[in-house]
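If you read the sequence from its start, that first residue is 1, and numbering goes on from there.
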Amino acid sequence: MEHPVLFLDFDGTLAPLQSHPDLVWISQEQSDLLKQLAQHIPTVILSGRALPDLLKRIPAEALAGIAGDHGASRVFRGHHYVPDEAKDAVSAVHQLSRLLRQHIQSWPGTLVEEKEYSVSVHYRQLPTERWTAFRESLELTGSSLPYQSLKMLPGKCVWEFRHPRINKESTLLWYLQKLAEEKGLPQWPGQPIMIGDDTTDWIAINTAIKMGGIGIWVGESLPDVSASPPFQLNSPDAVWKWLETIL
């Protein structure tokens, strides 16, 4: 493949999921490998984490781009960009976050994580037999006030409230365009490689495949078996081993 661009999710892709988001880190050796990769291939991290939190966990200065909040907060070559849709969601995020913190007091084992442009509600510690009831309660809470700028979207043991047009596939395309503009080209001449493990990554993975690039799903079961099957790796350790092969 000529002129590839590497797009990587963070949680569950580069580092194993943990009981709390604060416990998820990559090692110094893995950070060094990312730096080496970025010297050969433009490398972008696409994460659901808030950008300030993400910047603490990766070698940001070595990468072409870092996107937090599913693409609501983007860094390209050291410059920060925020789409208008993300700015429009800020007020609703703050209001809904306060409402959700009150709501989860009756749901031990859940956690509300307010980010800059979205709200995540984690339920990994909630007994599995209560997951359906919890989802239904969130749907009622989220619909009780007019938050047209936010949509409730699923992830792995998390529900995300964010602007529906802020997503990883549109962010992937945005970075490809920025890289093309950097070279004075109308479009990037190569193809993307997208690696992710969650439903929030799935469409971006298939976008990469449709563009003639590579999509890699991390995990054993696919969220949609009717789509073009991507390559599969079973764990973050397998992802790092694969990344070593493309150096």
Can a donor-acceptor pair be found, under 3.5 Å and without considering hydrogens, that links the side chain of Trp217 to the backbone of Ser221? yes

Is the side chain of Thr245 donor-acceptor paired with the backbone N or O of Trp242 at a distance under 3.5 Å, no angle test? yes

At what distance, to the nearest 0.5 angstrom, does CD of Gln177 lie from CH2 of Trp188? 11.5 Å

Evaluation steps, side-chain contact (heavy atoms from CB on, under 4.5 Å), between Leu14 and Gln30: CA-CA 9 Å; Leu14 293 181; Gln30 291 166 339; over 6 Å; no

Gap between atom CG of Leu34 and atom CD of Glu29 - 0.5 Å precision: 12.5 Å

Would a distance-only check, ignoring hydrogens and angles, find a side-chain to backbone donor-acceptor pair under 3.5 Å from Gln232 to Glu220? yes

Ignoring hydrogens and angles, state whether a donor on the side chain of His122 or Thr110 is under 3.5 Å from an acceptor on the partner side chain. no

Would you mind checking if Asp197 and Lys156 are paired as a salt bridge, meaning a charged N to carboxylate O distance below 4.0 Å? yes

Looking at Asp201 and Asp198, would you say the former's side chain and the latter's main chain have a donor-acceptor pair under 3.5 Å? yes

Just by distance, do the side chain of Arg162 and the backbone of Lys151 share a donor-acceptor pair under 3.5 Å? no

Would you say the side-chain atoms of Lys168 pair up with the backbone N or O of Leu46, donor to acceptor, closer than 3.5 Å? yes

Taking it one step at a time, do Glu169 and Thr207 satisfy side-chain hydrogen bond (donor to acceptor under 3.5 Å, both in side chains)? CA-CA 7 Å; Glu169 56 270 20; Thr207 297; 5.8 Å; no

Which atom pairs, one a donor and one an acceptor, fall under 3.5 Å between side chains of residues 76-87 and the rest of the protein, sequence neighbours left out?
| from | atom 1 | to | atom 2 | distance (Å) |
| --- | --- | --- | --- | --- |
| Arg77 | NE | Glu182 | OE2 | 2.8 |
| Arg77 | NH2 | Glu182 | OE1 | 3.1 |
| His80 | NE2 | Ser73 | OG | 2.7 |

Run the numbers on Gln95 and Ser91 for side-chain hydrogen bond (donor to acceptor under 3.5 Å, both in side chains), then give the verdict. CA-CA 6 Å; Gln95 295 177 59; Ser91 177; 3.0 Å; yes

Does Tyr117 offer a backbone N or O that forms a donor-acceptor pair with the side chain of Asp69 under 3.5 Å? yes

Hey, is the main chain of Asp22 close enough, under 3.5 Å, to the side chain of Trp25 for a donor-acceptor pair? yes

Could you tell me which non-hydrogen atom of Arg101 sits nearest to which non-hydrogen atom of Val112, and how far apart they are? NH1-O, 3.4 Å

Polar side-chain atom of Thr171 near backbone of Asn167 as donor-acceptor pair, under 3.5 Å: yes

Answer yes or no for Arg135 and Trp159: cation-pi contact, defined as NZ/CZ to six-membered ring centre under 6.0 Å and angle to ring axis within 45°. no

Here the salt bridge (Lys or Arg N to Asp or Glu O under 4.0 Å) pairs for residues 232-245, sequence neighbours left out, are none

Of all heavy-atom pairs linking Phe10 and Ile58, the shortest is CE1-CG2, 3.8 Å

For atom CD1 of Ile203, is the number of surrounding heavy atoms from other residues, nucleotides or ligands below 6.0 Å larger than 12? no

Side chains of Asp32 and Gln36: do they bring a donor and an acceptor to under 3.5 Å? no

Residues Lys115, Asp53: salt bridge by 4.0 Å N-O rule: no

Taking atom CD as the centre, does Gln187 end up with more than 12 heavy-atom neighbours from other residues, nucleotides or ligands that are less than 6.0 angstrom away? no

Indicate yes or no for a side-chain donor-acceptor contact from Arg49 to the backbone of Pro21 under 3.5 Å, with no hydrogens or angles considered. yes

